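The structure displayed is predicted, hence computed values, not measured ones. Counting convention: from 1, in listed order, for ligands and their atoms alike.
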Amino acid sequence: MITVALPKGELLKNTIRLLKIAGLDFSAFLDSGTRQLQIPDASGKAKGLLVRAQDVPVYVEYGQAQLGIVGYDVLREKKPNVAHLVDLQFGYCRLSVAVPESSSYRSPLDLPANGRVASKYVNCAREYFHSLDLPVEIVPLSGSVELGPITGMSEAIVDIVSTGRTLKENGLIEIETLYESTARLIAHPLSYRLNTGNLGDVVEKLRAEMLLTAS
Ligand code: PRP
């Protein structure tokens with residue numbers, strides 16, 4: 001029996017769609033009437049855990065789930081010890097530096113030394129500004145990061161942009177993209193090597209599906 005960690009939120013629907021193609025049916029998680037966080041798949045071959053997206057790699061790293069689906073952004077930020085197996089080609093977004101449109105900043109290097117940058121992605125933001133050799137203070141937030149510059153707490157933000165609507169509606173513009181992100185299939189490294197519960201079969205089916213989508 002394999003256990004799969006599925007991300008709540010944006011990525012859930014496509015995660016369930018793809019796992020179904022690979023033979024694992026967790027559609028019961030889409031039933032709005034359920035509050036169950038652990039369910040067997042329809043065939044009883046596997047178990048699904050419904051967790052916060054940021055926690056998917058935690059369950060996989062500790063081996064409570066052998067497989068997981070999570071955004072590349074989370075992997076870049078947390079650097080968990082998991083095997084990165086397949087780019088699932090959905091959930092596209094990017095991590096960008098954004099500033100108020102009304103400001104004079106048009107490149108990250110325009111930001112003042114020792115200025116402030118608000119972010120949920122503190123590690124990615126710190127690494128990026130370190131690579132520019134620009135000393136800034138990273139202000140950690142856990143949501144509604146756009147309010148950082150709006151309230152005057154920070155000069156800029158480093159945040160996820162998907163449709164760009166949140167930036168636009170809050171008078172912010174992107175001035176740099178740090179990286180692009182899509183959903184990834186990850187595995188517990190030892191379980192992957194030992195092919196626990198024949199998990200390689202699910203991996204191969206997802207790889208084949210991605211090749212089919214690409215062609
Ligand atoms: C994310 C991100 C942006 C928004 C971008 O926030 O932090 O705020 O989505 O999406 P868009 O480009 O399509 O507008 P999320 O919805 O996760 O909420 P949060 O700010 O409370 O974390």
Side-chain angles (χ1 to χ4, degrees), residues 5-18 26 29-30 32 35 37 48-60 65 68-80 82 84 87-103 105-108 111 115-132 136-186:
L6 289 81
K8 283 184 183 176
E10 283 289 300
L11 302 182
L12 185 63
K13 254 183 153 172
N14 275 316
T15 293
I16 288 175
R17 177 183 61 80
L18 277 181
F26 294 113
F29 278 139
L30 294 176
S32 56
R35 287 287 180 276
L37 299 173
L49 306 178
L50 186 61
V51 304
R52 291 283 299 267
Q54 292 86 341
D55 295 337
V56 166
V58 180
Y59 284 92
V60 174
I69 282 111
V70 66
Y72 175 68
D73 56 321
V74 175
L75 298 173
R76 273 287 286 257
E77 176 65 15
K78 300 202 175 282
K79 298 191 171 44
V82 296
H84 297 208
D87 181 344
L88 298 173
Q89 299 166 32
F90 71 87
Y92 170 83
C93 59
R94 52 193 183 272
L95 190 72
S96 295
V97 182
V99 295
E101 191 167 15
S102 57
S103 73
Y105 313 126
R106 287 299 175 266
S107 140
L111 291 168
R116 293 192 191 136
V117 177
S119 189
K120 290 187 277 196
Y121 292 78
V122 290
N123 296 326
C124 293
R126 196 167 287 126
E127 267 172 33
Y128 173 71
F129 283 100
H130 184 74
S131 76
L132 292 185
V136 294
E137 181 184 344
I138 307 296
V139 181
L141 288 177
S142 39
S144 303
V145 175
E146 294 80 4
L147 285 172
I150 291 174
T151 59
M153 181 170 65
S154 68
E155 277 78 25
I157 62 173
V158 166
D159 198 20
I160 288 295
V161 182
S162 176
T163 61
R165 215 178 129 192
T166 310
L167 288 185
K168 201 169 165 36
E169 291 191 9
N170 289 287
L172 304 177
I173 51 163
E174 284 175 272
I175 56 170
E176 185 70 282
T177 298
L178 275 58
Y179 57 78
E180 299 186 322
S181 173
T182 47
R184 305 294 159 96
L185 177 71
I186 57 171

Applying salt bridge (Lys or Arg N to Asp or Glu O under 4.0 Å) to E174 and R94, what does each step give before you reach the verdict? CA-CA 10 Å; E174 284 175 272; R94 52 193 183 272; 2.9 Å; yes

Find all atoms of ligand 1 within a distance of less than 4.0 Å from any non-hydrogen atom belonging to [X], and give their numbers and elements.
X	value
E146	3 (C), 8 (O)
T163	11 (P), 12 (O), 13 (O), 14 (O)
D159	2 (C), 3 (C), 7 (O), 8 (O)
T166	4 (C), 5 (C), 8 (O), 10 (O), 11 (P), 14 (O)
V161	12 (O)
G143	19 (P), 20 (O), 21 (O), 22 (O)
S144	19 (P), 20 (O), 21 (O)
R165	12 (O), 14 (O)

Only pairs under 3.5 Å count here: list side-chain donor-acceptor contacts from residues 125-132, not counting sequence neighbours, and write none if there are none.
from : atom 1 : to   : atom 2 : distance (Å)
E127 : OE2    : K79  : NZ     : 2.9
S131 : OG     : Y128 : O      : 2.6

Closest by any non-hydrogen atom to atom 12 (O) of ligand 1: pick that one out of C93, G9, G164.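 Closest candidate by heavy-atom distance is G164.
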
For atom 5 (C) of ligand 1, which candidate among L147, I160, V158 holds the nearest heavy atom?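 Answer by nearest heavy atom: I160.
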
Candidate list V117, N170, L167, test side chain to side chain contact (heavy atoms under 4.5 Å, CB included), partner I157, passing option: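 When side chain to side chain contact (heavy atoms under 4.5 Å, CB included) is applied between I157 and each of V117, N170, L167, only L167 qualifies.
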
Salt bridge (Lys or Arg N to Asp or Glu O under 4.0 Å) contacts in which one or both residues fall within residues 152-165, not counting sequence neighbours: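 Counting only pairs at least two positions apart or across chains, the salt bridge (Lys or Arg N to Asp or Glu O under 4.0 Å) contacts touching residues 152-165 are R165-E169.
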
Quick one: does atom 9 (O) of ligand 1 have a protein heavy atom under 4.0 Å from it?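 Neighbour list for atom 9 (O) of ligand 1 is empty of protein heavy atoms (cut-off 4.0 Å).
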
Working note: D55 + R52, criterion side-chain contact (heavy atoms from CB on, under 4.5 Å); need CA distance, chi angles, decisive distance, verdict. CA-CA 5 Å; D55 295 337; R52 291 283 299 267; 3.6 Å; yes

Beyond-backbone contact of I175 with P108, side-chain heavy atoms, under 4.5 angstrom: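 The answer is yes, as the side chains (C-beta and beyond) meet within the 4.5 Å cut-off.
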
Is there a side-chain contact between S119 and L141 (heavy atoms, below 4.5 Å)?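 S119 vs L141: side chains apart.
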
Taking all non-hydrogen atoms of both residues, which atom of G148 and which atom of T151 are closest, and how far apart?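 Heavy-atom minimum between the residues: O-OG1, 3.1 Å.
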
What protein heavy atom sits nearest atom 6 (O) of ligand 1, and how far away is it?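 Minimum-distance protein heavy atom for atom 6 (O) of ligand 1 reads K120 NZ, 3.6 Å.
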
